[in-house]
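Both ligands and their constituent atoms are indexed starting at 1 by order of listing. The residues of the chain are indexed from 1 along the displayed sequence.
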Amino acid sequence: MRILLTRKLHDFAIKDLQKRYEVIIHRGKTPMPRKTLIEKIRNVDGLICFPYDIIDKEILESAEKLRVISTYSVGYDHIDLNSARKKSIKIGYTPEVLTNATADLTVGLMLDLMRRITEGDRLIRAGKWSQIFGAHDYVGVDLEGKTLGMLGMGRIGQAVVKRARGFGMTTKYHIRTRLSKIHEKRLGIEFVSFSELIKTSDVLSLHVPHTKQTHHIINLNSLQKMKKTAILINTARGKIINEKDLIRALKTKTIAGAALDVFEKEPIGKNHPMTKMQNVVLAPHIGSSSAETRAKMAQITVQNLVLGLHGKKMIYSVL
Ligand code: DGY
């Protein structure tokens, strides 16, 4: 069988694949160009892809033999599920193993923004740290006693809540399907409407997948309902936020700040308007990016592919 990797994975994963299959690897640092993907996917049985590879109807139609897609990510909004379903293509993904890493980053971004860590780092590097310990210099805000508003309460959301409890925060959440009361009690969280969530949160953190329903759910209208002191954290998907609206809200101090690991169009460059804003912390889509987590993801991505190609149940499957 022949498989296609749209980017290099860990050596152990590639060796494992090469023992079993003929492997085509795109070794470039930038994503495989769409034209090349259309051409290469034509004759492969399996595909390993990444969140930035857009596997849409046209790509899937050109895949004459494809039986399995294994994505190196928990998100699968880059794959057209309907077209894959029609062609009986199985899809594997990597949830659970990246829960803690992504929750850690979410809390890291929250701490960074609330205590102005990166802002202070920028100031020192610019040679602007002149006086020490001024009573009102570089003051941030405490996490203790603040309300964490969670849009979404899946695995990553719940891991964030556990961490936030350690900081003395209280959590409200909104999600399409409410958790059971027992589950809510165990996590110490309160279910509220979307409108109450955005109005009452000190920190609004996004943990929903990007779908038609969540596309631009955070827009000028919702941002204007937030507290002026509130901050927004996004480690989910960029397109959940209308970025133009967020930039406007940050410039006009409609909200106090934002910390983002994901963007509408990635990568963003140094001329992106948010790179000029002190009340914004930017990360280059590193939610799952710890050495341990990335290795586990590589292992599961390969296992999903192999199991799927051999007609067995994948460890984690979408289809
Ligand atoms: C994923 O795996 O989908 C996430 O974006 C990781 O950061």
Next on the checklist: Taking distance alone, with N or O pairs closer than 3.5 Å, would you say G75 contacts ligand 1?
Outcome noted: yes

Checklist entry - Which residue owns the protein heavy atom closest to atom 7 (O) of ligand 1, what's the atom, and how far is it? => result S288 N, 3.3 Å

Checklist entry - Any idea which of H285, H78, H210 brings a heavy atom closest to atom 5 (O) of ligand 1? => result H285

Checklist entry - Looking only at heavy atoms of V74, does any of them come nearer than 4.0 Å to an atom of ligand 1? => result yes

Checklist entry - In terms of the angle between their ring planes, are Y72 and F50 parallel, tilted or perpendicular, with boundaries placed at 30° and 60°? => result tilted

Checklist entry - With a cut-off of 4.0 Å, which atoms of ligand 1 are near a heavy atom of L98? => result 2 (O)

Item to check | R237 N/O to ligand 1 N/O under 3.5 Å | outcome: yes

Checklist entry - Quick one: do the H174 and S193 side chains pair a donor with an acceptor below 3.5 Å? => result no

Next on the checklist: For a quick check under 3.5 Å, do N219 and S222 share a side-chain donor-acceptor pair by atom type?
Outcome noted: yes

Item to check | Exercise: identify the closest heavy-atom pair between E264 and K239 | outcome: O-CE, 3.5 Å

Item to check | Residue portion contacting ligand 1 (non-hydrogen atoms closer than 4.0 Å) for I286 | outcome: neither

Item to check | Numbered atoms of ligand 1 (with element) below 4.0 Å of G287, judged on heavy atoms | outcome: 7 (O)

Checklist entry - Is any side-chain N of the basic residue among K65 and D45 closer than 4.0 Å to the acidic one's carboxylate O? => result yes

Item to check | Pairing of K146 and D142 as salt bridge, 4.0 angstrom limit | outcome: no

